[in-house]
Amino acid sequence: MAPTPRPGGIADRARAQIETPYLDGLNPEQRRAVETLDGPVLVLAGAGTGKTRVLTTRIAHLVATGRARPHEILAVTFTNKAAREMKERIGALVGPAGEGMPWLGTFHAISTKILRRHAELVGLKSGFTILDTDDQIRLLKQVLQAADVDDKRWPARGLAHLIDSWKNRGLDPARVPAGEAGAFANGKGGALYAAYQARLKTLNATDFGDLLLECLRLFRDNPDVLAQYQDRFRYMLVDEYQDTNVVQYLWLRMLAQGRHNLCCVGDDDQSIYGWRGAEVDNILRFEHDFPGAAVVKLENNYRSTAHILGAASGLIAKNEDRLGKTLFTEGEAGEKPRVSGVWDSEEEARQVGEEIEQLHRGKHSLDQIAILVRASFQMREFEERFITLGLPYRVIGGPRFYERLEIRDALAYLRCVAQPDDDLAFERIVNTPKRGLGDSTVGILRAFGRDRGLPLIASAAMMVETDELKPKQRQTLRALMSDFARWRALVGTIPHSELAERILEESGYTDFWQKDRSAEAAGRLENLKELVRSMEEFPDLVSFLEHISLVMDTEGANTGERVSIMTLHGAKGLEFDTVFLPGWEEGLFPHQRSLDDNGKAGLEEERRLAYVGITRAKRRAFIYFATNRRIHGMWQTTIPSRFLDELPEDHVEVAENAREKRSGYGPSRFDTVGAFAGSSYATPGWQRAQRQGAGATSGVARLPGVIEGELIAKSTQQAHFTVGARVMHQKFGPGAVAAVDGNKLTVDFDRAGRKMVLESFIQAA
DNA sequence: ATCTTCTTCGTTTTT
DNA sequence: CGAAGAAGAT
């Protein structure tokens, strides 16, 4: 590494002039964001204005100009995905030199790294375990039981949320306001929090919230340690600053008090995680909190056409609490976002499906199409429709790999072997698969351990030598303990993935799923294999466990071109040529609960969500509202979302069928038959029967609950399956063919019952 | 200890 | 309407 040139010196500047090809192609504002290196900088980056490019280029610039070496730069993101992408892009920009960025990661990952080095200063041992939400709740249940709290009236989940919210605000048990602490379980809230923290310390464990909070405490109580990191991080960068919560803000501020070179990038208009503790205020107050801050606004949008941008900008302008940006594009006007009214969610799915098929026929890539919903229950209807149409899709944001039951069980086995005092892991698998060691046995074990201050596994090892347990249980437990001993002895002698395989085999866990005849069992076994495979990427068991405790995401190996279905929240940061935005109805979007719980702030966050949705589209946006929707199993007549009326008329096109529905009763352009609410004429069946015209189904009133759609695909293709054949379906699992009609099969699924499906979705089992 | 019926409660989600 | 969790039955 070359000697560091004096900042701003001639050599420095000359170098920047000559060796900065990466600056080419940046617009003046982006360039300013990249080149303003000294002191605090706030980059207000509107949607699609090249935010990530600025961040990565800035890092490249810091390194190329010799301002900092990669290990002297702290770069923080919220998700592992964002961290990974940034790493890749920096690598592409700087080459291998940029790969060694040890301090690029999520808040949690970086905090963990720091905490492990100084664990003893906050009452932990370096090898502490990180509990996930599931473990956290199980532990809280124990705490509630120990405190003799009725966990029906005061569920562990509620307490978990409460404690999380305190931790998000940087409050340890001593700092929680008395009023708030008292609100839970008749005044026991504070004591329960303290008891939970004490339990965590005994288990040598932290939850996710602790990673930040304990790190903050470490800095507060140990100025020398803090100084060391303030000194090390010459430059700090934060992505998605609008999503930071109070602890994260305090954490950043402490570190930034060293060199003051903090660069935060964010967009107040895209703050959609307030309900999770994010403080938009952090971004609104930046200039106040970091005096002398340079503020750079990125307003040149490179993503969307003018009409899409116009619609989104007009909508977000209705928010009062914002810094205010005016996005513009130099691109073409394009197509106006189209608003369509439909009768119900079924018609909505049908129309979206038709539109997609038409686009697809026009050579539009399915990968560039997304359906963005407000709530995940909306997804089902689209899935069903797409299965019927034979339209390939992928659902993004389903249950994550490491959250799956079988994976968590398998991991618990590994944890028991790697961390003998991991009580929660042990409790998870003592009786999985069922071996007759139920609640009462575990209760005895726990009492034994508590009396002697021992972890459960150690207690179990001792108890099998006594006669406190019934012979049968003692025998089973003894066998399990000798299994553990055997596996533990193997650590380090054979590859850890092989060890994992043996553990799963010898514990009977693999067998347990093999015997299971349910539809998911095969997939679960597949997942277990995938888990073992993924272990090979890590040098040893401990580093593997460390990785998965923080990185709970895996990109599913989804092959082929597919339409994406996801929530609006999940879509942040992504872009698609064409975006479908269904369900724009009062109550659903904006969501009633948001309004009820948070009033105006809630409404504004919902509006930002709408803004995020529209700005995902590069070229086309289709917005839908249904007049009737089934909520909690009951059909309800709905009113078009207020957001529809807030879209500037110049930038949207209202589809014919939507205009027809105009009643003239209300001020809305989109008022529909809402005036009929309560009348029996408003029932979907009656209306459907009355309705004529394009898209109408058979004309027979269909009762809600009948999910099979019309099988419109026709084929004279020879059937490949015969009645009675065992088959496999991507969604419904295994089943037997009951009838064949062209390419349409009626299948009795083992789990899902009788369904009519297209042959192309079926494989021989 | 485990299987079955009953009740409850329904945004958004990362680490 | 349906999933999930908890009390009740075997």
Side-chain angles (χ1 to χ4, degrees), chain A residues 76-83 105-112 130-137 141 151-152 155-157 161 164 167-168 206-213 240 243-245 247-248 271-278 372-381 396-400 402-403 430-431 433-443 470 472-473 476 547-553 566-573 583 587-598 602 605-606 608-610 612-613 629-636 703-707 752:
Chain A
V76 208
T77 64
F78 276 84
T79 63
N80 292 299
K81 191 172 162 227
T106 63
F107 277 103
H108 296 267
I110 290 167
S111 291
T112 305
I130 301 164
L131 304 187
D132 59 30
T133 323
D134 217 70
D135 292 330
Q136 187 191 9
I137 285 171
K141 271 189 187 147
D151 57 358
K152 298 249 31 185
R157 284 196 167 276
H161 283 135
D164 271 345
K167 289 184 175 177
N168 284 159
T206 66
D207 60 21
F208 285 122
D210 276 341
L211 294 174
L212 271 291
L213 194 57
E240 306 278 16
D243 289 339
T244 48
N245 59 32
V247 221
Q248 288 159 344
S271 163
I272 55 175
Y273 285 112
W275 50 273
R276 193 166 91 179
L372 310 181
V373 298
R374 173 67 244 269
S376 42
F377 76 83
Q378 293 172 260
M379 294 179 177
R380 212 193 57 184
E381 205 128 16
I396 296 180
R400 267 164 297 245
Y402 291 112
E403 271 168 24
V430 241
N431 204 26
K434 303 257 181 294
R435 43 170 82 87
L437 298 171
D439 283 349
S440 61
T441 312
V442 176
K470 290 193 218 111
K472 202 168 173 190
Q473 270 77 315
T476 321
H547 170 83
I548 55 110
S549 61
L550 282 170
V551 184
M552 296 292 270
D553 71 342
M566 64 183 102
T567 62
L568 287 159
H569 285 92
K572 196 170 78 156
L588 176 58
F589 193 36
H591 201 282
Q592 195 57 47
R593 201 121 164 207
S594 231
L595 266 36
D596 292 346
D597 297 352
N598 296 304
E605 183 155 312
E606 295 283 305
R608 290 194 289 269
L609 203 46
V612 166
R629 193 171 288 276
R630 198 170 49 184
I631 297 167
H632 309 333
M634 289 220 291
W635 283 96
Q636 297 208 291
L703 290 170
V706 180
I707 54 163

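- Comparing the C1' positions of C/dG2 and B/dT13 gives a spacing of 22 Å, expressed to the nearest Å.
- Every residue meeting the salt bridge (charged side-chain N to carboxylate O under 4.0 Å, His left out) condition with A/R593, not counting sequence neighbours, appears here in chain and number order: A/D597.
- Counting non-hydrogen atoms under 4.0 angstrom, A/N431 reaches the backbone sugars and phosphates but no base.
- When the P atom is compared between C/dG5 and B/dT12, the two are found 16 Å apart, to the nearest whole Å.
- The ring-ring contact (aromatic ring centres under 6.0 Å, His included) check on A/F78 picks up A/F107, with sequence neighbours excluded.
- For the ring-ring contact (aromatic ring centres under 6.0 Å, His included) test, residues two or more places apart in sequence or in another chain that qualify with A/H569 are A/Y273, A/W275.
- Partners of A/T133 under the side chain to side chain contact (heavy atoms under 4.5 Å, CB included) rule, at least two apart in sequence or in another chain, are A/Q136, A/I137.
- Distance check: A/I130 CD1 to A/D135 CG gives 11.5 Å after rounding to the nearest 0.5 Å.
- Taking atom CD1 of A/I137 as the reference point, atom C1' of C/dA4 lies 13 Å away to the nearest angstrom.
- Not counting sequence neighbours, the partners of A/T106 by the side chain to side chain contact (heavy atoms under 4.5 Å, CB included) test are A/T77, A/N80, A/H108, A/A109.
- Straight-line distance from the CG atom of A/L211 to the C1' atom of B/dT15: 8 Å, rounded to whole Å.
- In this structure, A/H547 atom NE2 and B/dT15 atom C1' are separated by 13 Å, rounded to whole Å.
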Contact pattern, 5' to 3', of nucleotides 8-14 of chain B - B, S or - by protein heavy atom under 4.0 Å: --BBBBB
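- The separation between A/D134 atom CG and C/dA4 atom C1' is 13 Å, rounded to whole Å.
- Its glycosidic angle being more than 90° from 0, B/dT12 falls on the anti side.
- One atom, CG of A/D135, and another, P of B/dT15, lie 17 Å apart when rounded to the nearest Å.
- For C/dA7, the OP1/OP2 oxygens have a side-chain nitrogen or oxygen of A/K152 closer than 4.0 Å.
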